[in-house]
Every structure is written in C-alpha cells, then in structure tokens.
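Data block below; observations after.
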Amino acid sequence: MIGLSGLCVRGGRFVVGPVDLQLAAGDYCGLVGPSGAGKTLLLQAVAGVRSPMAGQVLIDGQDLTNTPPEKRGVGLVFQDGLLFPHLSVAGNIGYGLRRRDAASLDGLVRDLGVEDLMKRSPGSLSGGERQRVALARALAPGPRVLLLDEPLSAVDGEAREELRDMLQRATRERGVTVLHVTHDVAEVFSLADTCAVLVDGGLRQVGPPSDVLRRPVDEDVARLFGARNVLRATRQPDGDGRTVLLAGGSPLRVVQRVDAAEVLLVVRPEDVTLALPAGVASVRAVAGAGGVGVADGAMGGASEPNILVGRVERVVSHGGHSLVRVMVPPAIDVSVSSREVASLSLEPGTDVELRFGAQMVWVLPAQG
Amino acid sequence: MIGLSGLCVRGGRFVVGPVDLQLAAGDYCGLVGPSGAGKTLLLQAVAGVRSPMAGQVLIDGQDLTNTPPEKRGVGLVFQDGLLFPHLSVAGNIGYGLRRRDAASLDGLVRDLGVEDLMKRSPGSLSGGERQRVALARALAPGPRVLLLDEPLSAVDGEAREELRDMLQRATRERGVTVLHVTHDVAEVFSLADTCAVLVDGGLRQVGPPSDVLRRPVDEDVARLFGARNVLRATRQPDGDGRTVLLAGGSPLRVVQRVDAAEVLLVVRPEDVTLALPAGVASVRAVAGAGGVGVADGAMGGASEPNILVGRVERVVSHGGHSLVRVMVPPAIDVSVSSREVASLSLEPGTDVELRFGAQMVWVLPAQG
Amino acid sequence: MVRRRRLEPFTLASAVVALVLVAFVLVPVVSMMVEAGAGFLGQALRQNDVRRSLWLTGSSALIATGLVFLCGVPLAYLLARRHFPGKGLVEGLIDLPIVFPHTAAGVALLTVYGRDGVLGRLLAPLGLTFTDSVAGIVVAMMFVSLPYLVDTAREAFALVDPRYEQVARTLGSSPAGAFLRVSLPQAWRGVLAGALLMWGRGISEFGAVAILAYNPKVISVLVFERFEGFGLHSALPPAVLIVIIAFVVFVLLRAFLVPRRRGTGREDDR
Amino acid sequence: MVRRRRLEPFTLASAVVALVLVAFVLVPVVSMMVEAGAGFLGQALRQNDVRRSLWLTGSSALIATGLVFLCGVPLAYLLARRHFPGKGLVEGLIDLPIVFPHTAAGVALLTVYGRDGVLGRLLAPLGLTFTDSVAGIVVAMMFVSLPYLVDTAREAFALVDPRYEQVARTLGSSPAGAFLRVSLPQAWRGVLAGALLMWGRGISEFGAVAILAYNPKVISVLVFERFEGFGLHSALPPAVLIVIIAFVVFVLLRAFLVPRRRGTGREDDR
C-alpha cells in the first residue's frame, strides 16, 4: 500500500505536486506522462532518495516521509539496469540480503530466468538479461513496494515482451505494490491496474487505464492517450442539450448533457467509420482501437449515428493502417486500414462520409 | 541519383556490406533496420566522412568514392540537429553558402517555417525547431542528395508530424534524392517511396514499403515489419502443393505453390479474424493493419478461408487494441480491438475460431 | 540524495575531515598575507629588482606559451580526433614533464641547450645561448608547462562532437575550414584556459629555470635568493606579489572552465 | 573522418608542427640518458648521500600522500556528490596550490610552520619542528601536491552514477555502506591513480621544500646542490635516478587511467 498526500518534490527550478495518490496493496500503478513531467522526481521521493518539500509518503499506513531509503522496504529499478559492475550477477542479486537465504532466492531466480547467468559479469549481459537481474536484485530482499523507472525502455522487440511478462508474473505472485514510471501509454495498458497521469508536475487523472482512455479529464490527457481529434463546439441554442455545433456549423449528437455554451469534443480516430458517399459501399474504420459497428450492436441501439461529409486532405500511411485527414470542417483524423485506402482509392480531394455514434464523442469543458 | 555497388564499410570490428543499391533521382529511400545494423556507417560512407573498405559510391552517375565530402553535393542531418552552437540560426543556415543568395534562401526559410527564428541562438530552440533549422542548413546549398540519420527520433507528438510533413514537402519540391536512416518502420511508410532493409550489416530487401510489408524475404524482415506469427509448416504429402500442415497437424491453404518439404508461414496478427465458435457472432479482427472481410470481397472470392480452432492463452492490452495469443497449436497472435475483447469476454481459456484467407499467408523457405 | 533534512553521521564525519584539509591550505595563504600586510605590496613594486624580475618572468612565460600554442593546438586537435599508431606513446611523452622532477628537467635541458649540449653548440654562433639568458628561461618554462596547454586543449577538442565537422564538410568546408569555423570556435574557451594555465605554471617555475638560467632572475629565483641571503621578511614582498598574480590567473581560469563543466554536467532527471 | 586513404594537407601540416613539440620533449630526455650512460645508475646507487636522500624523499612523499588520502578521499566524494553553499570556494582553494609558485608556497608555509609561525611555536614544545626536518618536508610536499589527489579522486567519484548509490540504499545500505560497497569499488582505480600522481609530484618537489626544509636534503635539493657546487656531471646521477622513478610512476599511472578513459570514450556509431 502506498499513500501520497500533498507531496511536493523539487528538482532544480521544477516543482512536482502537490500529489495525492492512494494505491491498494498489490496494486500495479502505471505513472504515465510526457518526458519532463516530473515522474522520476516523484519516484525518487517515494524511494526516499530525494526529500520532498512538503507532504507525506505512507507505506502500509506508516508515515515514512523522514525514513531513510534503507528502512523503507522498497525496491528500485532504473531503465538501464545499473547492475553494480564490480560484482557478479549472483553478487548483485545477493547484495540486499544479510545472509543468503538460498531457498527463497531459488524461486526468484527461476521466475526471472536468470539461473544460468549467476556467474556472469554484468558487462557480458544483453539489455533484457540486465533488466531481469536488476529486477531479481530489487525483489530479493522481499520489498513491499517496487519502484520502476522506465524499466522496459532500453529493451526492444521480443526480449521486451518476455521481460514484460516476467515482470508482471513476478510482481503479481509476490503481491508487491508497484509504481511503474513510463512515457509509453501502451505499457500502461499491458501491465497496470491503475493509471496515474502526470503532466507538467501535476497529477491530472487516476483510474483504470481503459477509463482514462475513454473519459480523459482534459485535452492534454486525451492527446497523450492518442485521441487526435479535440474539436471546439458550441451548444445548439434551442435543443435538448445533447446537440452541439462544430466550428463549421455541422450538428453533432452527444450522450452527455451540455450546459456550457462552449465545449471540447474528443473523438478517437479509430472510432470513426469512413465511407464513400451515397451508394458506394461503406467500410468500417479499423486499426488503433475500437470497431464501431459491432460495439453499436452490442449497446442495443443506444447510439445515434452522426454523419459528417468532408473531403480528404491527406493520407499518411503507418504500415498496416493509415491516418486519413478529412476536412469537414474542422479537420478530423480517421484511422483506416491501408488495404481499404487502396480499395477505396482514397487520396487528397476524395469526397467521403464520416459516421460515428453519439457515444463515441466525449465532451470536455472548454479551457480558458 | 545514388548508386552503391559492392560497398563495404567498417566501424571498429563491425563490417557492413557488400551493399548494392540504386536510387532514382528524386527517390525518397527509407533505410530501416534494428539498432546496430550498420545504417549510420553506410550513411557516413555515402556522405564521404568515412572511407569504405571496398566498393563504389556514385552520385548522378559520377564515381565519388574518393571525393571529399565538401565536393559531393550532399546534405547531412543528424538526429540531434547538431546546429553550430556559436552561430545564430541565420549563421547556421547560411554556413554552406559562399555569398548569401537571399532570394533562394527566402523560399527555403518559408517552406520550413523558420522565418521567425533567424536571429535566435540554437540553444533557445525546441527540438522540432532545431531539426527544421538543421534541414534548412542542409538544403541551403542545393544538394543533389540529402542524408538523414534518424531525423525525427528526437522529436515527439505533434511537432514530429509537423516536421515530417515539412521534410516531405521540402524534399519533394526540390527533387532531391533522400536516404533516410531510421529504426522506426512507421516512418518509412509515411515518408518513403523505396524501403531498404538492413539487418546485421547485410542489405536484405529493397522495394516499395508495402511490398516489403506483404512479401518479406526472410523471417528477420517479417518480424521487423511486425508480422508476429512466423510458423513452421510441412508440405502436405499428396496435395496440389497449396496445402501445408502446421506443427500441430492443422492443414492450411496457401496461394504460393510449395515445393520444399518444410517452409515458414508469415501471418500478420491484424489479418486474422477471431470469432467465438459455432453460432456465436463472429467479429472481425481489427487494429494494426488490414481488415480482412472487405478485402476478401474486393478480391472476388480469390480467397479460400482457413479456419483454425484454439484456446486463448493470454490477452495483452495496448490501449485501443489488444493482442490475443491463441494456442492452436502453434501459438498465433491475433490483433483484436479492446472493445471486442470486452464484448466477447475473451480471457485465458476461452475457445475461439480463427479465420484468414489463403492470400493472407506468405510462404518463406525454411531457414537452415 | 539531495537536500536531506538531517545531516547523516557519514556525511558529517566526511565534512569534518574534509575541513581539516581545507584549513591546511587556507591557513598558510592567509598567514602569508597577514604577515606581509597591506603596505608591503606597494613597497615590493617600488623595489627595482622586483619590478625588473616581474617583467622578465611575465614576458618569458608569454613567449613560452606563444611558442607552445603554435605547435600544441594542432597537436591537441590531432590527439582528440585521430587514431594513429604510436598515439599512446606521443600522449605519454607530452604528459611526461608533469611528473618530471623540475631540477632533473633543468639538468636534462642543460645536456641539450648547455654550452656543451647539441643545440647549445649549434646555436651559439647565431648568438643564441641558453645558460643564464632569457632564451634559457623560455625553454625551461616551455618544457615544464607545455602539458598543461596541450592536455586542456585536447580535452576541449574532445568535447566537440566530431559530427559537427562532418556536417561542416558536407556544407563545403575543407578539413582546415571545418577546424577553423566549427571546432576551434567551440573549443575556444578550453584552449584559452589551457594557455592561461600554462602561463600561470610558467611564471611560477623555479627548479628547471634555476638550473638552466639562474640569471637573469625570474621572480621565483628572486624569492629564493632573498630568503637565502636576507631571510623571510626580505623574501615576502616578491612572494606575495607573485601569489597575487597567480591568484588572478586562477580566478580567470575558473571563470573560463566552470561554465563548460556546468554544461557537461548531468541535469537533474525529472 | 576515419581511415581516409590520402593524408589531407591540413592533417599533414598539423602533424609536422606537432612533431616539433614531441621532439622538444623527447630530445632532452634521451640526451640526458645518453650523457649519463648505463654505468651511472649503479654508481649513483653506490653513493651514500644519494641512497639516503632517495629513501628520505620516497618515505616523506608516502607519509604526505597517506595523510592527504585520509582527508582528501572524503573531501573528493563530497565535492563529487553534494551541493552546498561555498562549494566553489572550497574547490578553488583546493586547486590553488597548482598555480601557487612553489618558492612562494615555501614562504607561506614558513609563516605558519617556521620558528616564529603560529603552528611552529605551538608544536615546538612537543618536539615537532618543521624547519630543516622531515616534518617540514612532508608539510611542503602535502601543500603543493594535494590538489592532484583530490581532483583525480573527485573525477573518479563523479564518473560513478549516483543512482548506483540510490539502488544500494533501497537494498539496505546506509550512506557509509553505499560508499564503501558501491562507490569506492567503482572509483578505486581513479583514487589510486590520484594517490600515485600525488606521490610522484611529491618526490619531485623542489621549491617549497628548499625554502621550508633545505635539510635533510631530498633528491631535488641534492641535484641542485651538486649542480651548484660541482657542475653538471656531478648532478647527473641523482637526476637520472629520480627521472627513472618518476617514469615508472608515470607508466603505472597511465595503466590505471587509460582503461577508464577508453570506457568513457564514444563508441563508433553504427
């Protein structure tokens, strides 16, 4: 269990916080934010290697704000492993143990697949191996809390997936509470129960990753999570409060009731279906996330489809899928499979129709 | 026009090549490969700042192998911009010009949106601004060839897309031949006409990006381009040569004729449709690339659908889409939208059906 | 580890022993100044032999620095950029004078530049003698202090990313052009600091100069001779004077070098 | 810029002027050895005053190094890790002896440790006098060569990523434990190199020692006195001897430092 209350941390001229965060025992929290958001400062304050300016750090209910790191029962793993270069792998893993409890270490060593590395020197290991040893070292003394600073960033491809799976298994089995700092939103989804979003030193949102994805609290969080379309709109003067007008004048139905005169609409590019207008076969937008059609069916008619007409401004391929920018106005990015781009001959100038259910539009208050 | 013939370059103990590559004038070539493949060494040899061990470098038909870099007419841009810190932005852009041809510079400066930066010092610029100035500096003397070493890697988010668009426009308008080194396959798709794949110092494949995506020459290239499923299979003894048997015994139809006893099958996770077996609504796999259903229709029945039955082994969310590993056997990864994972209640143990057309299977010779 | 509220015992203990060392350096410096008093400085400058010696020392060190600068900057650049066989040997040889005992350096120079030395005999007909002459002072200063210029300049060049030169080359610069327009402007502070350090070491040289060219007397020799002949209080004025000059050099040096250090230091991670 | 086939004119010109400097250092060293000849070394070691002086010089420098090591290593660690008010001043003070003219250093030390100095008077009743005594030699050596130990050790500690200590702390180490088990083992080579460099500078010291404690004669003083009294050929044996010792120290030093340099050097990009 980790509890942060009113925690403020300073690094140079930059200040993070005040941060309030409660994590249940065994929770896996992904602390995500752009680089420079202050994630590492926060992690260092929890580890006790950096003193906070204000606020408290509680672990399992004890106030440890002024406790030195060696008495906090926390494990710490950095991006680059930072294995002690003058010790063997076994020496590294055993560093935190007063007397080698061989039995307990055996299980850990097996779980992280480092049995065969024990006599090697850190310099001879691959990136993935280094991180697994660093993880074993941090878990060996049986910490209550594990603090990870971009633990997967230095590893690529399949070694990364393997490391991620081992990390997940080893931490879940031991019931350790994890705070995992990353700038990569996809990592949060594959690992975390709880997602905490830090932007410019402020904790913006905390919740299950899928909640943050669907219901971001502000434009920064929405963009960080890949919602490319954040559109200005005004409330339709005499409506039921569920119709808004886009900048270009097109009306849109939304699910949330709109009271303010001005709002922001968040529409994810993969939630929009793109079709050639009238009579030409419609195709469903794919890639990135969410297929709308089926979800509509599953929600039993709750959706009122919005239809917008526009012209393709540009098509950018990203491999299997492409991002198509359609000028309605405003410009709306739609994710379409590259195969469909070819079969529909989409290119700048093509007239298209965009469809998306009212429940695909998330309404945010307009920012000052 | 760039021509490399039998080019070998050494960096320490590592040797790249021999590399043969022909690029037409105005071609935009993405040189892609994992880190450590030797991409930068090759680029340095073309720039003339590193002497090759063997082979030739031709630009516009002239053999420039022993020509110093200042007489090659090439521009060079690195990941971190490397603006000369003791010169202003204007000083940087004008560095390569003998007499300032203000008129020609004006167009370039406008195209790259650096008009308002001219008097600033490099230290005060953002990452995206720095790269735009570096690009302007490289293009100012009117090079025939532009060499880019990970030019987008140091820039994130929207600044990156803006930079990419400016890069594309500025190079196309000037008809300059571009060699763009990157480890990011998505960059190649959004920018390049031609893709060259370098792995372990060897040039494995050259062709349009979509060709490499669909028809990789070997397992390394397939995996680099995100085809997660590379499956061993054997030819069905008495067939028409278009049916193979997976390791688990399941037969699969393929389009290419198989003559060898053993082959590798490449199946992209986004090309597989996942459904609950018998009677339960089938959903189409989405995300990443290619929607199969519509493409099938478009191909007019050319596809013979393969159906495999298996059990979900694990589900890893990446945000909007999830990777579902299904044990047939062998294990096959399928990309499914996270919403459908929820609506189908996919979890380890769920029995599912996988469908994909024969044309979605790419056959490779089995490697020794 | 930053801004812990209470001082840990380990840090406290380290700080205490560290302070002993700081005091060990500080006390003699302060004591010397106090002993000399404010009036001494003006008095020192009014003594003819001190003024003459000061001028001689400063200008000899300047000539030595200038001569080494001409050869040392290209050498520093080569060492920072190129790999060639025997490079380690050259680096070692250039650094050798740092550990070379200075009286032994004087003896070694004497075997070459003395009346019976190879160069001494060769250059004597041209009117260039090195024993008891300004030329000897310059040669002795050059020998003992050249590593400081070369090493500092080499480090300054090594800090300039070689890819800057690669970019400059593709923009039309020759190797010499890239050096003059790109590398030297970036390494300038370090090169200047090296020259200043060398000059500072040169003006304070004693052992090698005393053996090769005891006369005319540089300031260190003057301090020694006055101390031997007339005692501490006679030696104090020139000693304090040269310390003040060395101190000014030192402050300038740190002003040059500290910003560079800061630039390469690790920023606080966020 | 690696392995160009033809040497560019700029590189060629640089290499030529650089060679001039290399020769300037090499020639006196070789000339001195040739002049002395092989037999000289044995002869030097058979002279009683040379043997005694050699032992005195080596052991005094060792004591000086040991004393500075005790205080200097914690100081170096603090300077590498902590920020505190006045840090720049402390760094400046520690580096001051590098540019402090050595005869002036002798004079400054005399004002403190001489018969009329504060500490000289204070410690005389305890039988500890600094003029013309081993204690004086040690103090003079400490003063002029302590920056070499502290600076080298500080750089070695600065190269150890502080996050290693953060990890060690979370694994249960106290600040002292993290220092002893993690930082010191990684910085060890650099600290040892600093001690060796200080010892090497100590044995070759002349100016400060000659003023504070001319007797008993360390090897540099012996060289000077023999040269003044009996000329070049009498000074050569002890001079060659001390140069050879300095050279061995120097080779050891480079063996310690070069691997570290290589480790921090930039790898060839691919």
Side-chain angles (χ1 to χ4, degrees), chain C residues 1 8 10-11 14-15 17-18 20-22 25-29 31-32 35 70-72 74-75 77-78 81 90 92-94 96-97 99-104 107-112 114 118 162 165 175-176 200 204 206-207 211 220 223-224 227 232 235-236 239 242-243 246 249-250 254, chain D residues 1 8 10-11 14-15 17-18 20-22 25-29 31-32 35 70-72 74-75 77-78 81 90 92-94 96-97 99-104 107-112 114 118 162 165 175-176 200 204 206-207 211 220 223-224 227 232 235-236 239 242-243 246 249-250 254:
Chain C
M1 304 298 186
E8 285 135 346
F10 173 68
T11 308
S14 303
V17 295
V20 172
L21 206 61
V22 172
V25 178
L26 187 60
V27 168
V29 177
S31 158
M32 178 191 204
E35 194 86 17
L70 289 179
C71 303
L75 175 61
Y77 182 66
L78 284 183
R81 281 285 181 273
V90 170
L93 205 58
I94 290 297
L96 194 57
V99 294
F100 215 95
H102 292 182
T103 45
V107 169
L109 288 170
L110 209 58
T111 66
V112 177
V118 188
E165 288 163 27
S204 62
F206 174 50
I211 289 204
S220 283
V223 170
F224 181 72
F227 174 73
L232 182 60
L236 262 173
I242 189 85
V243 164
V249 167
F250 184 64
R254 289 185 63 83
Chain D
M1 305 299 189
E8 285 134 348
F10 173 67
T11 308
S14 303
V17 294
V20 172
L21 206 62
V22 172
V25 178
L26 187 61
V27 167
V29 176
S31 156
M32 178 191 203
E35 195 86 18
L70 289 179
C71 303
L75 175 61
Y77 182 67
L78 284 183
R81 281 286 181 272
V90 170
L93 204 58
I94 289 298
L96 192 58
V99 294
F100 214 94
H102 291 181
T103 44
V107 169
L109 288 170
L110 210 56
T111 65
V112 177
V118 187
E165 289 163 26
S204 62
F206 174 51
I211 290 203
S220 284
V223 169
F224 181 71
F227 174 73
L232 181 60
L236 262 175
I242 190 83
V243 164
V249 167
F250 183 63
R254 289 185 63 83

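A note on names: the letters A, B, ... follow the listed sequences, proteins ahead of strands, and every chain is numbered from 1.
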Practice task
Just do the side-chain contact (heavy atoms from CB on, under 4.5 Å) check on C/Val107 and D/Leu232 with the steps written out, would you?
Solution key: CA-CA 7 Å; C/Val107 169; D/Leu232 181 60; 3.7 Å; yes
Completion exercise
Test side chain to side chain contact (heavy atoms under 4.5 Å, CB included), reference D/Ser14, set C/Pro74, C/Pro175, C/Cys71, output is C/Pro74
Problem - Max heavy-atom pair count under 4.5 Å with chain C, selected residue of D/Leu26, D/Val90, D/Ile94 - result: D/Leu26
Practice task
Please flag which part of C/Val249 lies under 4.5 Å from any non-hydrogen atom of chain D: side chain, backbone, both or neither.
Solution key: neither
Completion exercise
Looking only at C/Leu96, C/Val22, C/Leu236, C/Val27, the option with the highest number of non-hydrogen pairs under 4.5 Å against chain D is C/Leu96
Practice task
May I ask you to name which of D/Gly72, D/Ala239, D/Ala108 has the most heavy-atom pairs under 4.5 Å with chain C?
Solution key: D/Ala108
Exercise for the section: Under 4.5 Å heavy-atom distance to chain C, tell me which part of D/Val20 shows up: side chain, backbone, both or neither. Expected result: side chain
Problem - chain C contact via D/Leu78 - which portion, at a heavy-atom distance below 4.5 Å - result: side chain
Practice task
List in chain and number order the residues that pass side-chain hydrogen bond (donor to acceptor under 3.5 Å, both in side chains) with D/Thr111, two or more places apart in sequence or in another chain; answer none if no residue qualifies.
Solution key: C/Ser31
Exercise for the section: Kindly compute the distance separating CZ (C/Arg81) from OG1 (D/Thr11), expressed to the nearest 0.5 Å. Expected result: 12.0 Å
Handout entry: Working for side-chain contact (heavy atoms from CB on, under 4.5 Å), residues C/Phe227 and D/Leu110
Key = CA-CA 11 Å; C/Phe227 174 73; D/Leu110 210 56; 3.1 Å; yes
Completion exercise
Pair count under 4.5 Å, heavy atoms only, with chain D: among C/Thr103, C/Leu75, C/Val17, highest is C/Thr103
Exercise for the section: Kindly compute the distance separating CZ (D/Phe224) from CZ (C/Phe224), expressed to the nearest 0.5 Å. Expected result: 5.0 Å
Exercise for the section: Flag the one option from D/Gly207, D/Gly114, D/Gly92 with the top tally of heavy-atom pairs under 4.5 Å to chain C. Expected result: D/Gly92
Exercise for the section: Please state whether the rings of C/Phe206 and D/Phe206 are parallel, tilted or perpendicular, taking 30° and 60° as the class boundaries. Expected result: parallel
Problem - By ring pair (Phe, Tyr, Trp, His ring centres under 6.0 Å) - contacts of D/Phe100 (at least two apart) - result: D/Phe143
Handout entry: Heavy-atom pairs under 4.5 Å with chain C, option from D/Ile211, D/Val243, D/Ile242 with the top count
Key = D/Ile211
